[in-house]
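Each residue takes its place number in the sequence, starting with 1.
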Amino acid sequence: MLCGDSVCSCGIRLVERDYLIFNEINRWKYITGRHICDMVGFSGKRACDRRLNKLITAGYVVRDKKIMYGISANYSLTAKGKALIGVANKKEHIRVEQISHDIAVADTAIFFNKKFGVSYFDMLSEKQLHQRDGFGNRVHRPDFVFSKNNKEYCVEVELSLKSKDRFKKNIIANFNDYYCQIWIVPDLHTAIFKFLKEMSKNYPNIKILELKGVKNYET
């Protein structure tokens with residue numbers, strides 16, 4: 001008997017919000033309880049933690065061990081949880097050097113939801129974009145994209161300057177594919193910002209935001 005809207009052998013009644021939790025955990029590379037609380041619409045962190053603990057006890061979700069001091073633990077789905085939303089039980093590896101970036105991506109998604117009213121349902125993460133591309137078609141995809149007023153936007157979180165050739169290639173791809181490309185940078189004094197400003201002369205759909213403004217945004 002599969003778990004649905006009734007109590008089954010796992011001892012928990014799954015409701016629509018639980019499936020929202022499963023999907024948010026699945027599509028972001030690193031997601032904390034704070035992110036889940038915001039994205040799924042809990043009234044507070046305590047209520048969110050209680051539900052996550054029940055899903056952990058039921059065997060759908062795991063709270064990964066803390067990898068870095070001062071960084072909240074990541075949540076991931078078990079094989080049982082993945083089966084409920086129809087995704088392959090592929091083992092995923094957390095890249096330690098990418099944790100700060102991946103947390104910033106989830107923070108940025110929340111920022112766009114709160115400040116600009118972008119629905120989470122209208123967002124597609126990098127993982128989802130690659131899944132849509134299919135196996136063997138590995139091309140660059142933004143950290144996430146969203147649609148608003150029938151226009152497609154992409155969002156890139158850039159915390160360290162990569163090779164300028166690769167950077168330029170990604171900018172050009174975003175220019176061709178999206179109405180607007182929004183870059184989140186550490187601050188407006190970095191080499192990343194200067195390079196983006198220079199590139200915006202030829203690719204005017206570039207918009208730049210500071211990460212601290214994204215993280216500190218209050219509704």
Side-chain angles (χ1 to χ4, degrees), residues 2-5 7-68 70-114 118-133 135 141-146 155-157 184 214-215:
L2 294 177
C3 292
D5 290 331
V7 177
C8 58
S9 59
C10 62
I12 185 173
R13 184 189 301 274
L14 293 179
V15 296
E16 182 179 356
R17 178 175 276 178
D18 295 324
Y19 289 90
L20 293 177
I21 291 172
F22 298 152
N23 280 293
E24 294 299 348
I25 289 175
N26 178 65
R27 70 174 174 157
W28 303 104
K29 292 182 179 179
Y30 198 103
I31 188 168
T32 69
R34 172 176 60 83
H35 296 130
I36 294 168
C37 182
D38 275 313
M39 292 177 175
V40 180
F42 279 93
S43 58
K45 186 68 165 53
R46 182 174 297 179
C48 180
D49 287 343
R50 282 199 303 266
R51 194 60 187 176
L52 286 171
N53 286 334
K54 288 184 178 181
L55 294 174
I56 290 169
T57 300
Y60 295 110
V61 173
V62 293
R63 184 189 295 108
D64 299 325
K65 292 181 180 179
K66 287 189 177 184
I67 298 175
M68 295 174 61
I71 300 294
S72 298
N74 176 62
Y75 285 84
S76 58
L77 297 180
T78 64
K80 185 178 175 181
K82 290 177 181 178
L84 276 181
I85 59 172
V87 298
N89 185 26
K90 178 182 176 182
K91 186 169 180 60
E92 299 182 43
H93 300 281
I94 295 173
R95 295 171 57 188
V96 174
E97 70 276 12
Q98 284 288 103
I99 290 176
S100 294
H101 168 271
D102 296 339
I103 289 176
V105 170
D107 287 339
T108 303
I110 291 171
F111 167 80
F112 276 95
N113 172 261
K114 288 185 174 180
V118 179
S119 168
Y120 295 116
F121 293 106
D122 291 327
M123 297 180 187
L124 287 173
S125 70
E126 181 187 0
K127 282 176 65 175
Q128 290 173 301
L129 293 169
H130 283 308
Q131 289 167 356
R132 190 173 65 178
D133 289 338
F135 179 77
R141 293 299 179 197
D143 288 311
F144 68 91
V145 303
F146 65 87
V155 179
E156 302 266 22
V157 175
I184 312 301
V214 169
K215 285 182 171 289

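Under the 3.5 Å distance criterion, the side-chain polar atoms of Thr32 are left unmatched by any main-chain donor or acceptor of Asn74. Of the possible donor and acceptor atoms, none in the side chain of Asp64 sits under 3.5 Å from a partner among the backbone N and O of Tyr75. Of the possible donor and acceptor atoms, none in the side chain of Lys29 sits under 3.5 Å from a partner among the backbone N and O of His101. Side-chain atoms of Asp143 come within 3.5 Å of backbone N or O of Val157 as a donor-acceptor pair. Lys127 places a side-chain N or O within donor-acceptor distance of the main-chain N or O of Asn26, the cut-off being under 3.5 Å. Checking side-chain atoms of Asp49 against main-chain N and O of Arg46 turns up no donor-acceptor pair under 3.5 Å. The closest donor-acceptor contact from the side chain of Arg17 to the backbone of Gly41 lies under 3.5 Å.
In this structure, Glu24 and Tyr120 have side chains that are in contact, with non-hydrogen atoms separated by less than 4.5 Å. You'll find the side chain of Leu129 stays beyond 4.5 Å of the side chain of Phe144, heavy atoms only. No side-chain heavy atom of Val105 sits less than 4.5 Å from a side-chain heavy atom of Val155. Phe111 is not listed as a side-chain neighbour of Ile184, based on a closest heavy-atom distance of 4.5 Å or more. Lys114 places a side-chain heavy atom less than 4.5 Å from the side chain of Asp38. Side-chain contact between Ile85 and Tyr19: present, with at least one pair of heavy atoms (C-beta onward) separated by less than 4.5 Å. The side-chain heavy atoms of Arg63 and Asn53, taken from C-beta on, include a pair separated by under 4.5 Å. In this structure, Val61 and Leu77 have side chains that are in contact, with non-hydrogen atoms separated by less than 4.5 Å.
Atom-to-atom distance recorded for Met39:CE and Ile25:CD1 is 11.0 Å, nearest 0.5 angstrom. Phe112 CZ to Met123 CE: the interatomic distance, rounded to the nearest 0.5 Å, is 8.0 Å. Rounding to the nearest 0.5 Å places CG of Asn89 at 13.5 Å from NZ of Lys80. The CD1 atom of Ile71 lies 7.0 Å from the CD1 atom of Ile99; values are rounded to the nearest 0.5 Å. Taking CG of Asp18 as the start and CG of Leu84 as the end, the distance is 9.5 Å to the nearest 0.5 Å. Taking OG1 of Thr78 as the reference point, atom CD1 of Ile56 lies at 10.5 Å (rounded to 0.5 Å).
Salt bridge annotation for Arg34-Asp107: present, with a cationic side-chain nitrogen under 4.0 angstrom from a carboxylate oxygen.
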Evaluate the side-chain contact (heavy atoms from CB on, under 4.5 Å) criterion for residues Asn23 and Arg27: first the C-alpha distance (whole Å), next the side-chain angles of each, then the deciding distance (0.1 Å), finally the verdict. CA-CA 6 Å; Asn23 280 293; Arg27 70 174 174 157; 5.9 Å; no
Would Arg51 and Val40 satisfy side-chain contact (heavy atoms from CB on, under 4.5 Å), going step by step from the backbone distance to the final call? CA-CA 11 Å; Arg51 194 60 187 176; Val40 180; over 6 Å; no
Verify side-chain contact (heavy atoms from CB on, under 4.5 Å) between Phe22 and Val87, making sure each step is shown before the conclusion. CA-CA 10 Å; Phe22 298 152; Val87 298; over 6 Å; no
Apply side-chain contact (heavy atoms from CB on, under 4.5 Å) to Gln98 and Tyr30, showing your working. CA-CA 9 Å; Gln98 284 288 103; Tyr30 198 103; over 6 Å; no
